[in-house]
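Below, chain A is the first sequence line, B the second, and so on; all start at residue 1. Every heavy atom of this structure was used, including side-chain atoms; hydrogens, water molecules and symmetry mates were not.
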2 protein chains.
Amino acid sequence: MSNLKVAEKVRSSTRSKEKIREQNERIILIAAEKVFAKHGLKGATTKQIADMAKLPKSNIHYYFHTKLNLYRCVLESILVDWMKAADTFNTFDEPREAFRYYVGAKMDLSRVRPFGSKVWANEIISGAPEMEAVLSSRLKKWVDTCVGSINTWVELKKIINVGDAHTLLYMIWATTQHYADFEYQVKILNNGKRLTDAEFEEKKQQVIDLVLRSVGLNP
Amino acid sequence: MSNLKVAEKVRSSTRSKEKIREQNERIILIAAEKVFAKHGLKGATTKQIADMAKLPKSNIHYYFHTKLNLYRCVLESILVDWMKAADTFNTFDEPREAFRYYVGAKMDLSRVRPFGSKVWANEIISGAPEMEAVLSSRLKKWVDTCVGSINTWVELKKIINVGDAHTLLYMIWATTQHYADFEYQVKILNNGKRLTDAEFEEKKQQVIDLVLRSVGLNP
DNA sequence: AAAATATTTGACTACTTGGTCAGGTTATAA
DNA sequence: TTATAACCTGACCAAGTAGTCAAATATTTT
């Protein structure tokens, strides 16, 4: 038995523990997220994704058929994570805790899944051609709920009147996602060194404090 | 004399007032900014840019030689505007006025030149391959000055201690540029209607107030 | 007016791209 | 073991792509 065959045997026996399809789809999705983040939908090539996934190009098409379909799957998978973080916002009655946890969760997501955030940013920047439906239904609904909470807190004088609650929400999104989408710029302005975990935790706390003060809460 | 010839005569006599090259380069730069904003460097095609500029493709290459060179020219032209807005920051001694004017200027830029902001965002998201040099020299220098001003205000107790001044700067950039880069999302969440000039002015004021409060200043 | 220079553009090319497909191998069910 | 289904992949192709070029036209200079 050749070395190659041995390698294959080991590889396949490892893989059969979980469905082959499942594992390969995951590998491809992760690779695709990186490539789409860097080059966008049009700029990314299936060859690049294949190379990143260390699979032949045909294999990508076998599992996802078209580049557009793969792209949609990547977006969908990001949305799942985002919605989980979003849900934390509405589980708190007190604004201080709600903002603290939501901003914290968004910052954590920017840290652990920066490529996903970049793909999303690219999609919106290019006019949200694939995500318009999701934005105007699922996201809109969630935003309306949030705006409701914030307005209630304003009425109860728990926070300062910020005018349109959307403005506050956008500030939170923009600021937290900045650490993912613009991480290269952040790195360059940090003397070329990526933020360490400790530094990032520090920034996270500072962002939380900025947000809290912006709505009149003492951190 | 045919109508076509008459049209050409009028066109050329109009154009000869200013250098033909100057005018065509401007037309192409504007078209390229839109196309690069939508599709990024790799995704944009010279054909799309040509169509947008209503010129034959060869003409694009005649004036800018390569797509990459045209892209660099677009980035450079954006930077000029950004630096102008940036300079306003250091012309004020009082933090209240500095933040008010700088945030206002950044918001105005997002309103009048959203495509430029998107091209820039795309560039940074994809790793700033063309702008790294500019970021680590010109921008870094400006940021260092800003950070110095902010730290001085903290020492003089004019604003609250925000920890790392970069965090505050990033919040301002992210929040103001959000209205350019994510304008499609903003539109969708505004019930599909683009913000009117009046609405935008309102948002601008709210953003300014949020920023001022975040550093402990009463707007 | 003639010469020199600058602009315009259709036709072309070498190369890349997303996607197909046939013929193979591997895993699983009977 | 055998049959069936799932997976794998090199070779291929039609449709685009950035960039070239030469010939035509327009503009400026002399």
Distances for protein N or O near nucleotides 15-17 of chain C N or O, under 3.5 Å:
none

Seminar exercise, completed: When rounded to whole Å, the OH to P distance for the pair A/Y63 and C/dG19 reads 18 Å
Exercise. Quick one: is the NZ or CZ of B/R21 closer than 6.0 Å to the six-membered ring centre of B/Y62, and within 45° of its axis?
Worked result: yes
Problem set entry | D/dA6 phosphate, OP1 or OP2, under 4.0 Å from A/R21 side-chain N/O | no
For this session: State whether A/K84 and A/D81 are salt-bridged, where the test is any N-O pair (Lys NZ or Arg NE/NH1/NH2 against Asp/Glu carboxylate O) under 4.0 Å.
Result: yes
Problem set entry | A/K118 vs A/K34, side-chain contact (heavy atoms from CB on, under 4.5 Å): CA-CA, chis, key distance, verdict | CA-CA 9 Å; A/K118 287 186 188 115; A/K34 286 187 194 174; over 6 Å; no
Exercise. Does a side-chain N or O from A/N59 land closer than 4.0 Å to OP1 or OP2 of D/dG10, or not?
Worked result: no
For this session: Record whether the side chain of B/S58 comes under 3.5 Å of the base of C/dG10 through a donor-acceptor pair of N or O atoms.
Result: yes
For this session: Respond yes when some side-chain nitrogen or oxygen of B/Y62 is under 4.0 Å from OP1 or OP2 of C/dT8, and no when none is.
Result: no
Exercise. Between B/H178 and B/F182, what is the ring plane arrangement, given parallel below 30°, perpendicular above 60°, and tilted in between?
Worked result: parallel
Exercise. For A/H65 and C/dG18, what is the distance between atoms NE2 and C1' respectively, to the nearest whole Å?
Worked result: 14 Å
Problem set entry | Length of the line joining B/Q48:CD and D/dG16:P, which is rounded to integer Å | 12 Å
Problem set entry | A/I60 CD1 to C/dT20 C1', straight-line distance once rounded to whole Å | 15 Å
Exercise. Within this structure, what is the NE2-to-P distance between B/H39 and D/dG16, rounded to whole angstrom?
Worked result: 15 Å
Exercise. So which nucleotide from D/dT9, C/dT8, D/dA18 ends up closest to the side chain of B/H61?
Worked result: D/dA18
Exercise. Between atom CD1 in A/I20 and atom P in C/dT28, what is the gap in whole Å?
Worked result: 6 Å
Exercise. When you look at B/L139 and B/M131, which way does the side-chain contact (heavy atoms from CB on, under 4.5 Å) test go after all the steps?
Worked result: CA-CA 10 Å; B/L139 186 64; B/M131 282 288 107; over 6 Å; no
For this session: Check the angle between the aromatic planes of B/Y102 and B/W142 and answer parallel, tilted or perpendicular using the 30° and 60° thresholds.
Result: tilted
For this session: Ignoring backbone atoms, test whether A/N24 places a side-chain nitrogen or oxygen under 4.0 Å from the OP1 or OP2 oxygen of D/dC8.
Result: yes
Exercise. Nearest-Å distance, CG (A/D51) to P (D/dT9)?
Worked result: 13 Å
Seminar exercise, completed: Quick note, B/T66 side chain, CB onward, closest among C/dA27, C/dT7, D/dG19 is D/dG19
Exercise. Charged N to carboxylate O below 4.0 Å: is that the case for A/E76 and A/R138?
Worked result: yes
Seminar exercise, completed: Taken to the nearest whole Å, NZ/B/K19 to P/D/dT28 is 6 Å
Exercise. Which one, D/dG19, C/dT7, C/dT20, comes nearest to the side chain of B/K57?
Worked result: D/dG19
